[in-house]
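All remarks here apply to the structure that follows.
Residue numbering restarts at 1 for every chain, and letters A, B, ... go by the order of the sequence lines.
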Amino acid sequence: MEAAQAALLSWYETNARPLPWRISKVSAWEILLAEIILQQTRMETGLEYWERIRKEYPNPQLMAAKPQERLLQLWQGCGYYARARNLYKLACQLGSKPLPQTRDDLLELPGIGTYTAAAVSSIAFGESVACVDGNVRRVISRLRAKHLTNKEVQINADQLLYTDRPGEWNQAIMELGSTICTPRKPKCVKCPLQPHCLATQTPTPEEWPASRKVKQKKVQATVLIIAGNGGLVLNEREGKILGGLWGLPYQEGENAQINLLNSLNIEDENITEIGQITHDFSHKKIQITVLLTSSKNHKLTNPRDVPLATLDRKVIALYESEAS
DNA sequence: TAAACGTGGGT
DNA sequence: TACCCAAGTTT
C-alpha cells in the first residue's frame, strides 16, 4: 500500500462519522437508496429520508407493490423529484430479479449514473471501481492543484483507489472531502493527505476546483388558491418540474394571472391577492403572487392527503396564517 | 455540452 | 441580499 493510501485509511478508521450503514450491516438495496437520496442532498437532511424510505421499502419488490405516489409522499421536501420517479421505475423494472452487482450493469438502471453505479458496486459488492462525486473531485483537484477535466479526475481516482477494500476507500476519500477538504476554509492542518497535496502549499488551496457559476433566472409566477370546505383545488403535476407531486394551479410569465383565471373560468371580481412569496430553485428565483378565491363546485383535496413540493407548502402556509 | 432539475444551510 | 454548494443524472 502506498503512503497516501495508508494515511487516508488510517485517518478514516478513527474519524469516520457513525453513519447507520457504517454501524451495522445493511443490504445492497439500502446502500442504493442512500446513494440516490444523498445525490445533491446534505447528509443531515438525507438521513431522515433514508430511514423513512428503507423502513417502508425493505426491498424493491415492496416499493413496486405500492403506487409511485406513496414514494413521493415520503420524498416530499427532499427535492429533485426525478430521483424518486426514477427510483420507482427502477424498482418496477427489477421485478423479482436481484440488484445487479457490477458498475456496468447498475449503469443501465434509471437514475443511476457514473457516481452511483461505482458507489453501489464498490460499497455493497466490493467491486474495484473508484467513484467520483463532488468530494472526490475536490480532493483530487487539490492534490494536483490543477483544473482537471472529468476524465482526468476519474483517471486520478482510479490510480488512487485502494483495490483491496474499494468500498471503504471510496467512503474514506468522500469523508475527507466532506469534513476536512471542504469547499471553503479547508482544514489542511488536520488533513492526512497534506504531505501529498500540492494545493496546500499555495496561499489559496480553495482555488481548486473551479466553481460552476450558474446564474439564477428571475421569473414571475401566479398561484391560485381555490378554497372550500373540503380543502383546496390541487392537481397532480406532470412533466419534469415537480412531476408526480400535486400542486396548486400555477403559471409563470407575464400574463400568468389572466391565463390562469381564464383556464379555470374564474371571474375577476371574486379574487383577492393575499400576498407575495419568493421561492428559489437551483436555476431560477421565483416571485410568486398568491391569489385567493372561494370554490363554487370544484373538486377539493385535503393538502395532507397528497405529496406536495415545498413551494406549494409555503403558499398553503401563507393562506392558513391568513385565514386564522 | 450546458441547462434543467429542489431544497436548505452557510457566509 | 446574494451567492455558493451539497455522496449527480438526464437530455
Strictly below 4.0 Å, N to O, side chains only: are Lys218(A) and Asp280(A) in salt-bridge contact? no
Heavy atoms only, 4.0 Å cut-off, all strands: where does Arg237(A) land among base, sugar-phosphate and nothing? nothing
Round to the nearest Å and state the distance from Leu87(A) atom CG to dT10(C) atom C1'. 16 Å
Lys215(A) atom NZ is separated from dC4(C) atom P, nearest whole Å, by 12 Å
Give me the distance, rounded to whole Å, that separates dA3(B) from dC4(C) when you measure between the P atoms they each carry. 14 Å
Salt-bridge contact Lys55(A)-Glu30(A) (side-chain N to carboxylate O under 4.0 Å): no
What's Ile36(A) touching, base or sugar-phosphate or nothing? Going by heavy atoms closer than 4.0 Å. nothing
Glu2(A) side chain to Tyr162(A) side chain, donor-acceptor N/O pair below 3.5 angstrom: no
Just checking Trp50(A): base, sugar-phosphate only, or nothing, at a heavy-atom cut-off of under 4.0 Å? nothing
For Arg17(A) and Asn86(A), take the nucleotide of DNA chain C holding the closest heavy atom to each; which residue's nucleotide lies nearer the 5' end? Arg17(A)
Rounding to the closest angstrom, what is the interatomic distance between dA7(C) and dA2(B) at atom C1'? 23 Å
Measure CH2/Trp169(A) against P/dA7(C) and give the value in whole Å, please. 18 Å
What distance, rounded to whole Å, do you find between the two P atoms, one in dT1(C) and one in dG6(B)? 24 Å
Can you name the nearest heavy-atom pair linking Leu90(A) to Trp29(A), along with the distance? CD2-CZ3, 4.2 Å
Rounded to the nearest angstrom, tell me the gap between atom CD1 in Ile37(A) and atom P in dG8(C). 13 Å
In whole angstrom, give the distance that lies between atom CD of Glu35(A) and atom P of dG8(C). 9 Å
Tell me: CG of Asn170(A) to C1' of dG8(C), nearest whole Å? 15 Å
Rounded off to whole Å, could you give me the NZ-to-P distance for the Lys285(A) and dA2(C) pair? 6 Å
Would you say Gln287(A) and Gln276(A) are linked by a side-chain donor-acceptor pair, where the criterion is simply a distance under 3.5 Å? yes
With sugar-phosphate taken as primed atoms, P, OP1 and OP2 and all else as base, the protein-contact string of nucleotides 4-11 of chain B at under 4.0 Å (heavy atoms; B, S, -) is SBBBBBB-
At 4.0 Å (heavy atoms only), tell me whether Arg138(A) reaches a base, stays on the sugar-phosphate, or touches nothing. sugar-phosphate
Mapping Pro183(A) and Thr114(A) to their closest nucleotides on DNA chain C, which lands nearer the 5' end? Pro183(A)
When all nucleic acid strands are considered with a 4.0 Å heavy-atom cut-off, which category describes Ile31(A): base, sugar-phosphate, or nothing? nothing
Short side-chain donor-acceptor distance under 3.5 Å, Glu152(A) and Asn156(A): no
Heavy-atom pair of closest approach, residues Pro303(A) and Ile316(A): CB-CD1, 4.0 Å
